[in-house]
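I have placed the structure first, in the form of structure tokens, so that the comments after it can refer back to it.
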Amino acid sequence: MVGISFVLKVVFYRSESGNEPAREWLKELPREDRRQIGEDIKTVQIGWPLGMPLIRKIDKDLWEVRTTLESGIARIFFMVDGDYMILLHGFIKKSQKTPQNELKTALARLGNYKRGKK
């Protein structure tokens, strides 16, 4: 059986106040870091669904893009809604374990997004 391939459209989660926190986080990073993260997002966009080492499922409907940078390990939490990849939250990981506050932020945005669709 051949899987149907399609390209995801990448969009940034937008808060009620109109902010796009993942986009704002990306803009603060050095150009080379942004380029590497962008390449990984594009790989997901074109090849979805993917698995490790690039993508890891975190929770129901929550995934992360894993990018190794010179300065550390970047993570971008996202969800897939139909043919959209919604970038919820990004951070530079400094330890083995994902910090709970980063996970809570992503899960809160995921919940807000879902509630806003009703």
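Scanning for side-chain contact (heavy atoms from CB on, under 4.5 Å) contacts around Asn101 gives Pro99, with sequence neighbours left out. In this structure Arg56 satisfies the side-chain contact (heavy atoms from CB on, under 4.5 Å) test together with Met52, Ile58, Glu64, Arg66, Thr98, sequence neighbours excluded. Residues that satisfy the side-chain hydrogen bond (donor to acceptor under 3.5 Å, both in side chains) test with Asp61, not counting sequence neighbours, are Lys114. Residues satisfying the side-chain contact (heavy atoms from CB on, under 4.5 Å) test with Glu32, not counting sequence neighbours, are Arg35, Gln36. Under the salt bridge (Lys or Arg N to Asp or Glu O under 4.0 Å) criterion, Lys9 pairs with Asp83, sequence neighbours left out.
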*Under the side-chain hydrogen bond (donor to acceptor under 3.5 Å, both in side chains) criterion, do Arg115 and Asn112 qualify, and how do the steps go?*
CA-CA 5 Å; Arg115 277 190 298 282; Asn112 289 344; 2.5 Å; yes
*Take Ile76 and Met85, measure what side-chain contact (heavy atoms from CB on, under 4.5 Å) needs, and give me the verdict at the end.*
CA-CA 11 Å; Ile76 297 217; Met85 176 184 187; over 6 Å; no
*In sequence, state the C-alpha distance, the side-chain angles, and the governing distance for Phe77 and Asp59, and then conclude on side-chain contact (heavy atoms from CB on, under 4.5 Å).*
CA-CA 10 Å; Phe77 289 119; Asp59 205 275; over 6 Å; no
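Shown here for Gly72 and Ile92, the closest heavy-atom pair between the two residues is CA-CG2, 4.3 Å. Glu20 and Arg23 get closest at one heavy-atom pair: OE1-NE, 2.5 Å. Closest heavy-atom contact between Phe12 and Leu87: CE2-CD1, 3.7 Å. Taking all atoms of both residues into account, the shortest heavy-atom contact from Lys60 to Leu110 is O-CD2, 3.9 Å.
Separation of atoms NE2 (His89) and OH (Tyr13) is listed at 12.0 Å; rounding is to 0.5 Å. One finds the CG atom of Asp33 at 12.5 Å from the CD atom of Glu28 (value rounded to the nearest 0.5 Å).
Side-chain contact between Leu62 and Leu103: present, with at least one pair of heavy atoms (C-beta onward) separated by less than 4.5 Å. Two residues are said to be in side-chain contact when any heavy atoms from C-beta on lie closer than 4.5 Å; Thr105 and Phe91 fail this criterion.
Ile73 and Leu69 are not part of a single hydrophobic cluster, where members link through side-chain heavy atoms under 4.5 Å apart.
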Scan the side chains in residues 37-46 for donor-acceptor partners under 3.5 Å anywhere in the protein, sequence neighbours excluded, and list what turns up.
unit_1, atom_1, unit_2, atom_2, d
Asp40, OD2, Thr67, OG1, 2.7
Thr43, OG1, Glu39, O, 3.0
Gln45, NE2, Leu8, O, 3.0

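Although no hydrogens or angles enter the test, the distance criterion places a donor-acceptor pair under 3.5 Å between the side chain of Arg109 and the main chain of Leu88.
Note on ring orientation: taking the six-membered ring where Trp is involved, the planes of Trp48 and Trp63 are perpendicular (angle over 60°, cut-offs 30° and 60°).
For Arg34, the CZ atom counts as densely surrounded, since its 6.0 Å shell holds more than 12 non-hydrogen atoms of other residues, nucleotides or ligands.
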